[in-house]
Undergrad: 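What follows is a structure written as structure tokens; I'll ask about it next.
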6 protein chains.
Amino acid sequence: MKKIVLTGAAGRLGSYLREPLANMCETLISSDLVDDIGKLYDGEKYVRADLASLSDMNDLLADADMVVHFGAIGDEAPFDAILQSNIVGAYNVWEAAYQNGVRRVVYASSVHAVGMHKSNDGIGIDAPHRPDTYYGLAKCFAEDLASLYWDKRGVESVCMRIFSCAKVTNPRAVGTWLSYDDLIHLVERAITTPVTGFSVVYGISNNDRAPVDNTKATFLGYRPKDNAEQFAKEIYANSDPLDPNDLAHQCIGGPFATVELGNSGVASLNIVDDAKKT
Amino acid sequence: MKKIVLTGAAGRLGSYLREPLANMCETLISSDLVDDIGKLYDGEKYVRADLASLSDMNDLLADADMVVHFGAIGDEAPFDAILQSNIVGAYNVWEAAYQNGVRRVVYASSVHAVGMHKSNDGIGIDAPHRPDTYYGLAKCFAEDLASLYWDKRGVESVCMRIFSCAKVTNPRAVGTWLSYDDLIHLVERAITTPVTGFSVVYGISNNDRAPVDNTKATFLGYRPKDNAEQFAKEIYANSDPLDPNDLAHQCIGGPFATVELGNSGVASLNIVDDAKKT
Amino acid sequence: MKKIVLTGAAGRLGSYLREPLANMCETLISSDLVDDIGKLYDGEKYVRADLASLSDMNDLLADADMVVHFGAIGDEAPFDAILQSNIVGAYNVWEAAYQNGVRRVVYASSVHAVGMHKSNDGIGIDAPHRPDTYYGLAKCFAEDLASLYWDKRGVESVCMRIFSCAKVTNPRAVGTWLSYDDLIHLVERAITTPVTGFSVVYGISNNDRAPVDNTKATFLGYRPKDNAEQFAKEIYANSDPLDPNDLAHQCIGGPFATVELGNSGVASLNIVDDAKKT
Amino acid sequence: MKKIVLTGAAGRLGSYLREPLANMCETLISSDLVDDIGKLYDGEKYVRADLASLSDMNDLLADADMVVHFGAIGDEAPFDAILQSNIVGAYNVWEAAYQNGVRRVVYASSVHAVGMHKSNDGIGIDAPHRPDTYYGLAKCFAEDLASLYWDKRGVESVCMRIFSCAKVTNPRAVGTWLSYDDLIHLVERAITTPVTGFSVVYGISNNDRAPVDNTKATFLGYRPKDNAEQFAKEIYANSDPLDPNDLAHQCIGGPFATVELGNSGVASLNIVDDAKKT
Amino acid sequence: MKKIVLTGAAGRLGSYLREPLANMCETLISSDLVDDIGKLYDGEKYVRADLASLSDMNDLLADADMVVHFGAIGDEAPFDAILQSNIVGAYNVWEAAYQNGVRRVVYASSVHAVGMHKSNDGIGIDAPHRPDTYYGLAKCFAEDLASLYWDKRGVESVCMRIFSCAKVTNPRAVGTWLSYDDLIHLVERAITTPVTGFSVVYGISNNDRAPVDNTKATFLGYRPKDNAEQFAKEIYANSDPLDPNDLAHQCIGGPFATVELGNSGVASLNIVDDAKKT
Amino acid sequence: MKKIVLTGAAGRLGSYLREPLANMCETLISSDLVDDIGKLYDGEKYVRADLASLSDMNDLLADADMVVHFGAIGDEAPFDAILQSNIVGAYNVWEAAYQNGVRRVVYASSVHAVGMHKSNDGIGIDAPHRPDTYYGLAKCFAEDLASLYWDKRGVESVCMRIFSCAKVTNPRAVGTWLSYDDLIHLVERAITTPVTGFSVVYGISNNDRAPVDNTKATFLGYRPKDNAEQFAKEIYANSDPLDPNDLAHQCIGGPFATVELGNSGVASLNIVDDAKKT
């Protein structure tokens with residue numbers, strides 16, 4: 001692969017992806033809103049670009065083979081903010097991908113697109129959207145956009161519904177953890193699978209207590225290796241019993257299932273990406 | 001019912017709804033972007049308001065029991081235009097409904113939220129989103145928004161996926177017609193059903209060749225009476241054979257399944273609402 | 001048909017069935033706990049028998065072709081009472097049917113076997129059990145018993161999940177009404193269908209707003225004719241708006257979805273059968 | 001429509017279709033193995049042709065718009081006979097349709113392609129094949145052939161799974177009857193529906209006790225009008241009780257569910273087409 | 001966890017659970033009908049209590065966090081016996097749990113609740129009940145009871161459908177074995193999962209030939225380690241070919257699929273719990 | 001096991017099976033159209049026999065316990081050739097099995113029976129037939145034949161839908177590979193499973209990127225060990241990007257999804273069995 005573009009490269013998850021992505025192509029263009037992301041890896045270039053600008057995106061994606069789109073507000077936020085970064089931003093990425101003949105968008109979708117489903121529903125990738133926040137609503141939008149750009153314009157997408165990609169610090173994450181290594185593995189598979197069309201997959205480690213099922217996406221070859229069960233005993237020992245009637249404990253979206261809409265900064269949440277705005 | 005608000009009242013479909021809605025409540029507030037909509041029905045008031053303004057919507061929905069939301073661009077259009085009217089507009093309506101304690105949004109969704117599904121799939125209301133245009137993508141967004149406002153804020157919604165509410169002039173419409181009388185009946189049922197939560201229903205007449213199934217929404221009591229089969233013989237006699245390999249003839253979205261994204265003004269389309277922007 | 005046995009003949013619903021059943025066979029044996037049920041129809045005999053006694057049931061079902069089992073407590077009640085009448089009573093009926101070579105049990109099951117499902121789930125006959133009361137739990141038991149006696153002993157059953165077979169007096173019943181004529185029609189079809197094996201069907205009229213779907217039981221030929229929509233306008237006009245967050249209004253079991261377990265005498269309920277104990 | 005070809009025109013069902021088909025096109029080519037089928041309708045021509053001969057089929061289908069394929073052995077028969085008429089014959093029809101640019105095959109499939117399913121399974125058109133005889137096995141073959149010719153060669157097909165198109169003379173047929181008028185209506189809809197791709201539909205009247213469901217094929221516009229319930233009372237009165245453990249009474253294939261394979265001439269069967277070989 | 005109660009502690013399976021349960025809490029109350037269960041583990045107390053007595057159960061469950069309910073007749077038995085121990089006993093446990101604020105019932109349900117399903121149906125946890133015996137019928141009852149107590153009273157349950165928890169001695173058990181270690185692991189997961197609501201899971205080891213699927217219950221974290229394939233070669237070598245038409249070999253309930261109802265003492269059965277009555 | 005018959009023993013896959021099958025029974029009868037297959041294994045006998053001859057098959061299967069049926073044209077071919085070898089040949093095998101009391105047919109079905117399904121549909125074993133070639137169509141026929149012989153005549157079958165059992169030389173095979181060892185393991189399980197009835201299973205290795213799901217066939221105990229991911233890096237490095245709009249890359253049938261019907265000799269295909277005609 002000649003050229004991959006990474007958005008949100010200064011974000012928490014984006015930062016982890018820079019090195020492995022740089023190893024997968026001749027040129028990695030890392031991009032974010034900051035002026036500088038420090039030392040670059042071999043083959044990596046940094047370009048400041050604003051997701052809110054289609055023009056920026058068009059410049060950024062020129063000649064790219066694929067774009068790995070992690071740039072967005074990574075937490076619940078007021079609708080206006082989500083609208084600009086996560087909705088308009090998604091449009092700009094897919095539209096620029098189309099205009100530049102980019103083959104595929106590898107997208108950081110989120111469990112919060114389906115966060116109001118319950119753990120004991122055991123949903124697969126074909127469950128209907130059921131967002132838990134504006135943040136999740138924007139992920140639904142981007143997935144439907146991805147479906148549209150595949151059906152109408154032949155741009156492929158892999159929508160990775162990322163769960164809790166952070167240190168395991170609470171009982172929910174024993175089921176919902178996504179280790180950094182498994183994240184990297186998932187992104188690698190989303191890139192190397194020869195043909196994906198429009199596809200959806202849960203980004204979750206091989207946790208004993210994972211509440212969702214990727215069976216219908218097996219062709220992507222995602223085989224996570226890590227397992228949060230290693231943290232279970234300690235986490236449970238230090239945690240009070242959870243109220244079974246609390247939707248925050250029933251739903252796979254966790255605390256997002258009960259957070260006030262537009263209320264950013266939920267302290268206890270396992271956030272996906274804390275870059276405030278890429 | 002004391003007060004109902006109608007958006008898009010100057011649009012083609014909105015115009016048809018004014019009289020029956022006025023008969024269903026003490027006060028009907030009709031609203032659109034024009035200065036005047038002419039003679040008013042008993043109990044009807046007209047208020048100019050811009051969907052793009054949350055402040056306008058908050059004023060409009062004060063003390064309302066329900067809002068019947070038909071205001072939007074009623075055709076495929078460039079993304080920017082769809083974003084303002086159909087996406088931000090939808091947010092403003094649901095948010096104002098929440099802020100004003102409005103019980104329910106009766107929403108003019110569209111077949112184009114699922115337009116890439118095929119006639120011989122025979123989909124029900126639980127088929128996944130599969131938009132065919134930006135227009136359809138905005139309907140997907142509004143449906144997911146409706147789901148979110150029910151789950152998180154207790155605002156009810158009935159998302160009516162309207163098919164071809166216009167004169168039957170082509171073979172597709174023999175299957176997809178929604179008569180004006182059935183539209184009125186559907187809106188009436190969406191209003192009078194005591195409790196709806198978040199719900200979806202296809203707005204299509206009792207056509208012999210209707211390609212979708214409302215079985216899972218029977219509790220709404222929608223029982224259409226008209227049947228486009230009455231037009232079939234003449235329409236078919238005056239129509240050339242259709243190419244079976246053309247997605248525009250396979251998909252329930254019809255010509256939207258192949259129209260260029262952002263390309264407004266598709267002449268042959270059975271458009272839902274031709275108000276350019278309410 | 002030579003001989004049909006009716007249990008619960010002195011109950012509200014049982015009373016309605018005596019005349020039509022008497023017309024369908026040479027001998028109808030009506031049975032209940034009372035000493036006398038008054039004037040008998042042509043071909044009808046009355047036999048006092050206690051469902052709690054297997055011996056009584058064995059005597060009652062001798063030489064019968066079919067048994068129409070409506071005898072039971074027809075309301076929520078303390079578990080002990082339900083256990084005797086509705087659980088042990090059901091066992092005695094099926095066991096006596098088996099011991100006497102009775103071909104089929106036509107059983108008054110109830111919506112309350114699945115009462116915690118929601119109206120906008122649009123369930124069919126294959127939804128899992130989800131009882132709302134001890135009363136509903138006993139219906140689940142009897143349906144599973146019926147399944148067992150078919151699989152292991154070849155006794156057929158038609159489990160009719162009766163909804164609101166009473167005067168329409170509240171908004172829920174506009175959707176859930178079962179008219180007396182449709183009840184009689186349903187029982188007639190349950191009897192005349194040549195082969196039924198173990199089968200389940202909803203006992204609900206052809207209401208515009210019926211919340212369930214009998215598609216998978218079409219072979220039974222149940223085609224209800226009445227429609228509670230005739231009562232809708234008046235009922236709705238005299239009813240306050242319903243709280244959409246109240247499970248009693250979301251669930252198809254209605255007030256049973258929130259009633260205290262074991263609490264008999266729910267005044268607002270559309271009860272199936274008010275015979276206290278047949 | 002300019003030209004329609006009918007195979008099996010001398011068969012029982014084919015004979016009924018000649019007049020209505022002649023009225024639907026400029027030229028109807030009726031075909032069978034006999035030398036003469038008597039008086040012709042306006043616009044009808046008779047051509048002797050052997051389904052077992054691809055050359056005959058190629059001559060027959062030249063310039064045709066559609067072919068209505070009813071020619072086959074219409075009963076269970078030894079495998080050799082089925083192989084020639086119903087398997088090779090089907091191949092010849094679809095292949096000749098392809099070679100001659102014929103748009104669509106309207107095919108007399110049969111319930112016996114799924115005859116081992118049970119009445120109380122209430123199957124739809126998407127149930128897996130489950131043939132009950134060699135006759136049914138050949139119908140499965142032809143349906144899969146139709147799927148293949150659509151996917152690979154763009155030839156459309158409507159596979160009509162015909163039930164009991166004959167006088168109602170037994171209890172099963174009260175559920176499985178297909179009246180001649182409904183057969184004609186179904187064939188008309190299979191021809192006039194503008195685009196069908198590969199599709200399947202049950203050919204059964206609007207019987208109260210019909211054991212299958214056409215919901216997923218609604219776009220074809222098949223709305224049967226007749227109802228065998230009119231015969232129920234008399235048929236049931238003259239029929240002994242049926243053994244519920246007999247697969248011939250449980251399965252929708254009826255007596256074919258228990259007939260010996262290859263055993264033609266089942267007297268009690270409601271056969272589809274008694275032409276021995278067209 | 002402070003206090004766990006185990007019923008059926010003198011039974012075969014209960015005996016295995018005493019030590020691991022004692023290690024999971026400060027106080028384990030083991031209970032059964034015998035006077036003495038011998039040497040106690042650290043933290044364990046023995047209390048004689050009769051499941052048939054609600055009063056006994058109320059005393060037993062006071063201040064408990066959870067109850068692990070294994071007490072019941074562990075074999076097919078006459079209905080009267082099943083009724084007392086397995087039906088009334090279940091009611092008493094759940095009711096006492098509710099009255100004492102016990103959070104969760106971890107329940108020894110059984111494959112026999114769904115025993116008439118076939119191995120090659122490959123059912124998941126959402127298959128409908130299909131009991132094979134009175135024993136299985138009582139398990140269905142208890143599962144529905146558990147559903148009811150969750151929906152109406154907020155008592156959680158994990159219904160473990162235990163397969164063949166015994167030495168592998170016949171061909172069926174090569175697929176249906178549950179090792180003691182896996183049983184202990186399953187019970188541990190059922191206890192430690194933070195929130196379960198009402199849930200169902202199959203209790204079966206990681207056998208190559210396991211005939212059921214736990215995918216929809218993954219959130220419980222049950223990951224069995226043992227595999228009966230180690231016994232396959234020897235078992236098969238010493239076993240005659242099985243009749244494929246025998247339901248005892250087709251159905252996952254095994255010999256229970258053909259045993260006479262109420263017939264206890266089936267020698268070849270892999271019984272769950274041989275305590276005659278706890 | 002006393003006697004197993006292998007058809008297609010001179011074919012590529014058949015050759016691999018001779019030794020392991022010889023080890024599983026007292027006598028292995030290997031059969032094909034050639035005069036001699038060279039050195040025999042202990043317990044193996046070679047018998048020349050023509051699948052096109054029922055008489056040959058009857059002689060061949062006398063006294064056999066099972067038949068492992070791999071004889072057929074192993075590539076797309078003109079219909080006439082497929083008809084003789086793969087359709088008539090299948091009939092002769094099942095019919096001879098029936099006539100000789102052979103318990104089970106272990107059948108080399110193929111992915112091409114469902115080859116037009118797409119990788120990102122993630123189908124299971126219950127997906128409808130969707131053949132991609134005449135070759136696949138004949139596999140559909142044989143599976144339906146197997147269903148019929150089980151339902152009507154009690155002959156068991158395991159239909160193994162074999163994917164790419166050959167050296168991994170292209171990107172598709174990274175997902176679709178079946179190693180020889182896993183093939184042998186699958187055949188061994190198809191033989192040793194005590195009761196199979198009619199069953200279907202995908203013959204595919206434990207590839208990370210396998211596009212199908214065997215969950216519903218777990219009772220067969222097929223647990224593949226090999227994984228084509230070992231070849232991925234090299235294969236991908238030497239392969240041009242694949243056109244995502246090409247059905248040959250979207251469909252699980254691979255190049256068969258676009259090959260001309262009847263066109264043998266597709267060079268790039270991973271063929272199942274290259275024996276020209278056994």
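Numbers restart at 1 for each chain; the letters A, B, ... are given by sequence-line order, proteins then strands.
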Undergrad: First locate atom CD1 of A/I87, then atom CD1 of B/I87, and finally report the distance between them rounded to the nearest 0.5 Å.
TA: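 Reported to 0.5 Å precision, the distance equals 6.5 Å.
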Undergrad: Are A/F256 and A/C251 packed together at the side-chain level, in the sense that at least one heavy-atom pair is separated by less than 4.5 angstrom?
TA: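 No, side chains not in contact.
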Undergrad: Counting only heavy atoms closer than 4.5 Å, note whether A/P128 contacts chain B via side chain, backbone, both or neither.
TA: neither
Undergrad: Would a 4.5 Å heavy-atom cut-off, applied to side chains only, mark A/V105 and A/V93 as touching?
TA: yes
Undergrad: What is the distance from atom CZ of B/F79 to atom CG of A/L145, rounded to the nearest 0.5 Å?
TA: 7.0 Å
Undergrad: Given a strict heavy-atom distance threshold of 4.5 Å, which part of A/L83 is in contact with chain B: side chain, backbone, both, or neither?
TA: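 Looking at A/L83, just its side chain touches chain B.
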Undergrad: Would you name the heavy atoms of A/G203 and A/L186 that are closest together and state the gap between them?
TA: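 Smallest heavy-atom distance, with atoms named: CA-CD2, 3.6 Å.
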Undergrad: Measure distances from A/L247 to the heavy atoms of chain B and classify the residue's part below 4.5 Å as side chain, backbone, both or neither.
TA: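 When you check distances to chain B, no heavy atom of A/L247 falls under 4.5 Å.
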Undergrad: Mind listing the donor-acceptor pairs under 3.5 Å that bridge chain A and chain B?
TA:
residue : atom : partner : partner atom : Å
A/E95   : OE1  : B/Y134  : OH           : 3.3
A/H129  : ND1  : B/D144  : OD2          : 3.2
A/R130  : NE   : B/D151  : OD2          : 2.9
A/R130  : NH2  : B/D151  : OD1          : 2.9
A/D132  : O    : B/K152  : NZ           : 2.6
A/Y134  : OH   : B/E95   : OE1          : 3.4
A/Y134  : OH   : B/Y149  : OH           : 2.7
A/D144  : OD2  : B/H129  : ND1          : 3.2
A/Y149  : OH   : B/Y134  : OH           : 2.7
A/D151  : OD1  : B/R130  : NH2          : 2.9
A/D151  : OD2  : B/R130  : NE           : 2.9
A/K152  : NZ   : B/D132  : O            : 2.6
A/K152  : NZ   : B/F256  : O            : 2.8
A/K152  : NZ   : B/V259  : O            : 2.8
A/F256  : O    : B/K152  : NZ           : 2.8
A/V259  : O    : B/K152  : NZ           : 2.8

Undergrad: Between chain B and each of A/G115, A/A113, A/P131, A/A127, count heavy-atom pairs under 4.5 Å; write down the option with the most.
TA: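 Counting heavy-atom pairs under 4.5 Å, the top option is A/P131.
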Undergrad: Under a 4.5 Å cut-off applied to non-hydrogen side-chain atoms, are B/L148 and B/F198 in contact?
TA: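 Result no, sub-4.5 Å side-chain heavy-atom pair not found.
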Undergrad: Show the nearest heavy-atom pair for residues A/V5 and A/A64, with the distance to one decimal.
TA: CG2-CB, 3.8 Å
Undergrad: Which atoms form the tightest heavy-atom contact between B/V155 and B/A97, and what is the distance?
TA: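 Closest approach of B/V155 to B/A97, heavy atoms only: CG1-CB, 4.4 Å.
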Undergrad: Select one option (side chain, backbone, both, neither) describing which atoms of A/A138 are under 4.5 Å from chain B's heavy atoms.
TA: neither
